[in-house]
Amino acid sequence: MALNKRRFDALIIGAGGAGLNAAIQLANTDARVAVVSKVFPTRSHTVAAQGGVNAALANVLPDNWHWHMFDTVKGSDYLGDQDAIEFMCREAIPTVYELEHNGVPFSRLDDGKIYQRAFGGQSQNFGGAQAARTCAAADRTGHAILHALYQQNVRARTHFFDEYFAIDLIRDDEGAILGALIMEIETGEPLLIEAKATVLATGGCGQVYRTTSNAHINTGDGTAMALRAGIPLMDMEFFQFHPTGIAGKGMLITEGVRGEGGYLVNKDGERFMERYAPNAKDLASRDVVSRAIVTEVKEGRGCGPQADHVLLKVDHLGEEIVSKRLPGIRESGKIFAGVDAVHEPLPVFPTAHYVMGGIPTDPYGRVIVPQGNGEEVVPGLYAAGECACVSVHGANRLGGNSLLDILVFGRAAGLDVIESLKEHRNHRPLNESSVETAMARLTRWDQKGEGISVRALRDEFRKTMEDHAGVFRTEEIMAEGVEKLKALRDKLPEVRLSDHSKVFNTARVEALELENLVDTGIAIAYSALKRQESRGAHSRPDFPARDDANWMKHSLYFKQDDHMDYKPVRTKPLTVETFPPKERVY
Amino acid sequence: MKFLVSRYNPDSDAAPYMQAFEVEVPRGMMLRDALLDIKRQDESFAFRHSCGEGVCGSDGVNVNGINKLACITPVSELKEPIEVRPFPGRPIIRDLVVDMTQFYQQYKAVKPWLVRNDPMPEQEILQSPQDRDKLDGLYECILCGCCSTSCPSFWWNPEKFHGPQALLTAWRFLADSRDQATDERLDALEGPYKLFRCHTIMNCVEVCPKGLNPTKAIGHIKALMLKNAV
């Protein structure tokens, strides 16, 4: 049977904040844009972001983008690219106003302006007093933003392919990206989409770990597609463990809880963050707070019958604040921990939350790869959001900078695609052999017979990632982990489906996702093994110090032979002075 | 515990049927965890789910006759045997997966976006905290479909009656002090079906997993229509 084909000017894979903010730019022009999403757009995981989006609006306390930039550079442990960070912090302000104009129901101050709350790692005047920079819609900011962006795309008549799964990118012999092979989940039928520009906006990959705040759908689909297309992933060793997941479950309790005055205590009732971060205390950067919690538990000061978590106290804030500012958290606490935060503290422990690394891009969302002594753009390919690495988060992302990243760079990618379409008016010729390779990835799962189940391999892979690429990392633990993970990867060809039906076969989707998890997870573990220093979220007891002389550089992992390459951090901002590396204390 | 789940694969089954599974239920287990356990026993079992915390709205199902979100429904609150079926009144694609096209069409039909005719200010459009409070209980909708697919009026006229979800959204924009399309929105709701097929049966209020009240929103729309007509 002939393969069905469609042609669009632009193809966007993923319908979270990054994909939809790219799409709306394009949809407001004459460009024909297709958005492919494996779930109905408002199910994308942007919907779960709670606390808010950072922008130096100065609605509550004095602020400016330059302070925001300083905090982001420091928070990144000096691994973030300062040109991209300056771009993001400047763009933050118009981006948030644009969101508001698009209908986002932000919480409000008495003067009618957008409500802003304090979040970790924020300061006034380059490291001074706490700032209040996080624009919030109660504790449902991601939901409010995602729905508004979807609504604007409905208005602009964006062409959505809902519940289509992206199989692989299609590329020609020069490496230019020509579109993607996708599969309609309802029918199991493949469809080829040819596009002059393709934007990967597939979000995160938290499902590589067993305990995670991430949704079932966050399986690293875009990062794995890039790897298979020969594109490296950058800084994948930097994976953020959010300090406050509900203990044993992983659902997130926003940093906004601590921003509103909540704090952590150990089994002795001690406010232990005062020991680890005397100034910022509970609002220190996320890597600092996560390590502190793990240390408290390791040293026997954990709470509960298993002494395996700490407590987040909120009850002193009073019912009015909790109900008004943190209603979703009160609800989650009741449902998943059986605790009403108004009366009792919440049991919490770090949970796998966010990958700082991803597909390397420039500030216009264009994917860049090493070439000779320099870099070059991959023709026709963009990436934005959590699957991309610009890099603005470096070794550690600040709370409230994730929504900002997806919105600013999703928008920038959309705008750059519009520019590129003026130059590239025609589709490049299709490359049949690349289509065949992509089709083989799909038909491989039609193989019948005995084999390992998807579930069994996935469970073992995720457990191995948790045990060997988690919060604290030694050479021994990680080297063993990489071997185990590679052995699991070698077993992939033995995995078989028992269900080969066509219609809405979720088992097949999970099999395709498993391949993505394996490729992306190994990128994380391998990059982590190779980096011999502690920086941001990457914490090595055997190399406890940051080593700027040898390691102030980005890592690049290639799937081909699992090889690593490195490139310098871009320390020169666009218009202001460089922030030189300093010891990072809170 | 004993679970009875509805199975249907259009390739091989003439009609849906119920299949029994035994699931071990630890303390704190949610219905989604139980469905995942069933999928572990039989990978061909299909249902939608994603966030696991009641915000993405993927895993609405009918449990012991009532529409619920599986991920925030404790199994301990359910009577055995637990019968899990797809949403009523929607075409079944497979097992618990239904075709929600008409539901989304009704949502899109109420023009669910903010309309401003004035030029945009350089900064935010100002809104008082009191005006913003009017959106509470409206904007939180997650489009799970529990309400509309439990509404008899929507079962009968899914192509003509907007249903509780879309009408809640219509009121979310009518209630927004920033929106400037009140007259157009109200005009578009005229006629015997779109709005007025609501017979205040209130199933929607009973089942909403986010505790929202579409019936009240519908009442507000009717009151505003009346006020504007005078």
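Lettering follows sequence order; numbering is per chain, from 1. Since we're looking at a predicted model, the values are computed, not measured.
- Only the backbone of B:Phe45 comes within contact range of chain A, judged by heavy atoms closer than 4.5 Å.
- Of the atoms belonging to A:Asn153, not a single heavy atom falls under 4.5 Å from chain B.
- Most heavy-atom pairs under 4.5 Å with chain B, from the set A:Gln151, A:Lys249, A:Arg43: that is A:Arg43.
- Taking 4.5 Å as the limit, some side-chain heavy atom of A:Gln116 sits within range of a side-chain heavy atom of A:Cys135.
- The contact list for residues 16-30 of chain B toward chain A, using heavy atoms and a distance under 4.5 Å, reads B:Gly28, B:Met30 by residue number.
- Ion pairing of A:Glu100 with A:Arg108 is present here, as a side-chain N (NZ or NE/NH1/NH2) and a carboxylate O approach within less than 4.0 Å.
- A:Leu146 does not touch chain B: none of its heavy atoms, backbone or side chain, sits under 4.5 Å away.
- Between the side chains of A:Asp499 and B:Ser44, no donor-acceptor pair of N or O atoms lies under 3.5 Å.
- Here B:His162 contributes atom NE2 and B:Lys194 contributes atom NZ; the two are 5.5 Å apart, rounded to the nearest 0.5 Å.
- Heavy atoms closer than 4.5 Å to chain A are found in the side chain of B:Asp133, but not in its backbone.
- Looking only at distances, a side-chain donor or acceptor of B:Thr169 sits under 3.5 Å from a matching main-chain atom of B:Gln165.
- Under 4.0 Å is where a charged nitrogen must lie from a carboxylate oxygen, and between A:Asp446 and A:Arg496 no such pair does.
- Per-residue heavy-atom pair counts under 4.5 Å with chain A were compared for B:Asp95, B:Leu126, B:Asp136, and the maximum is reached by B:Leu126.
- By the neighbour-count criterion of 12 heavy atoms within 6.0 Å, atom CG of B:Asp11 is densely surrounded, having more than that number from other residues, nucleotides or ligands.
- If you tally non-hydrogen atom pairs under 4.5 Å between each of B:Glu140, B:Arg94, B:Lys39, B:Arg172 and chain A, the highest count goes to B:Arg94.
- For B:Asp179 and B:Arg185, the salt-bridge test passes: some basic side-chain N is under 4.0 Å from an acidic carboxylate O.
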Under the ring pair (Phe, Tyr, Trp, His ring centres under 6.0 Å) criterion, do A:Tyr150 and A:Phe160 qualify, and how do the steps go? CA-CA 10 Å; A:Tyr150 178 63; A:Phe160 282 99; 5.3 Å; yes
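- With a 4.5 Å cut-off on non-hydrogen atoms, A:Val104 touches chain B through its backbone but not through its side chain.
- Put simply, the side chain of B:Thr182 never gets that close to the backbone of B:Leu174: no donor and acceptor are under 3.5 Å apart.
- A donor-acceptor contact shorter than 3.5 Å is absent between the side chain of A:Asn21 and the backbone of A:Gly17.
- Note on B:Gln127, B:Met120, B:Gln130, B:Glu122: by heavy-atom pairs under 4.5 Å with chain A, the leading option is B:Gln127.
- Contact annotation for A:Arg155: both backbone and side-chain heavy atoms come within less than 4.5 Å of a heavy atom of chain B.
- Listed options A:Val454, A:Asp459, A:Leu252 were ranked by heavy-atom pairs under 4.5 angstrom with chain B; first place goes to A:Asp459.
- Proximity to chain B is absent for every atom of A:Leu99, based on heavy atoms less than 4.5 angstrom apart.
- Within the 4.5 angstrom heavy-atom criterion, only side-chain atoms of B:Arg178, from C-beta onward, approach chain A.
- At distances below 3.5 Å, at least one donor-acceptor pair connects side-chain atoms of B:Ser150 with backbone N or O atoms of B:Cys147.
- Using a 4.0 Å cut-off between charged side-chain N and carboxylate O, B:Arg48 and A:Glu163 make a salt bridge.
- Here the side chain of B:Arg132 pairs a donor or acceptor atom with the backbone of A:Pro105 at under 3.5 angstrom.
- In this structure, the ring of B:Tyr104 has its center less than 6.0 angstrom from the ring center of A:Phe40.
- B:Gln106 contributes atom CD, which lies 9.0 Å from atom CZ of B:Phe161 (distance to the nearest 0.5 angstrom).
- Of the atoms belonging to B:Leu135, it is side-chain heavy atoms, and not backbone ones, that fall under 4.5 Å from chain A.
- Contacts of B:Pro129 with chain A are made by both backbone and side-chain atoms, with heavy-atom separations under 4.5 Å.
- Each of B:Leu31, B:Val61, B:Ile142 was checked for a side chain to side chain contact (heavy atoms under 4.5 Å, CB included) with B:Leu69, and the lone residue meeting it is B:Ile142.
- Options B:Glu43, B:Lys111, B:His49, B:Lys108 differ in how many heavy-atom pairs under 4.5 Å they form with chain A, and the most are formed by B:Glu43.
- There is no contact between A:Asn218 and chain B, counting heavy-atom distances below 4.5 Å.
- The residue among A:Asn505, A:Val47, A:Val39 with the most heavy atom pairs within less than 4.5 Å of chain B is A:Val47.
- Note that OH of A:Tyr164 is 6.5 Å distant from OG1 of A:Thr187, once rounded to the nearest 0.5 Å.
- Only the side chain of B:Lys210 comes within less than 4.5 Å of a heavy atom of chain A; its backbone N, CA, C and O stay farther away.
- In the model, A:Gln207 has a side-chain atom that pairs as donor or acceptor with a side-chain atom of A:Arg462 under 3.5 Å.
- At distances below 3.5 Å, at least one donor-acceptor pair connects side-chain atoms of A:Asn59 with backbone N or O atoms of A:Ile114.
- Using a cutoff of 4.0 Å between basic side-chain nitrogens and carboxylate oxygens, A:Glu510 and A:Arg508 are not scored as salt-bridged.
- Around the CD atom of A:Glu460, the shell of radius 6.0 Å holds no more than 12 heavy atoms that belong to other residues, nucleotides or ligands.
- Ranked by heavy-atom pairs under 4.5 Å with chain B, the list A:Ser498, A:Ala48, A:Ala138 is led by A:Ser498.
- Residue A:Val503 touches chain B through both its backbone and its side chain, counting heavy-atom pairs closer than 4.5 Å.
- Residues of residues 321-334 of chain A lying under 4.5 angstrom from chain B, judged on non-hydrogen atoms, are A:Lys324, A:Glu331 by number.
- Looking only at heavy-atom pairs under 4.5 Å with chain A, the residue among B:Leu143, B:Asp42, B:Val115, B:Thr73 that has the most is B:Leu143.
- For A:His101, the parts lying near chain B are the backbone and the side chain together; criterion is any non-hydrogen pair under 4.5 Å.
- Comparing A:Met251, A:Lys502, A:Lys113, A:Glu98 by heavy-atom pairs within less than 4.5 Å of chain B, the highest count is held by A:Lys113.
- Between chain A and the options B:Pro121, B:Ser50, B:Gly57, heavy-atom pairs under 4.5 Å are most frequent for B:Ser50.
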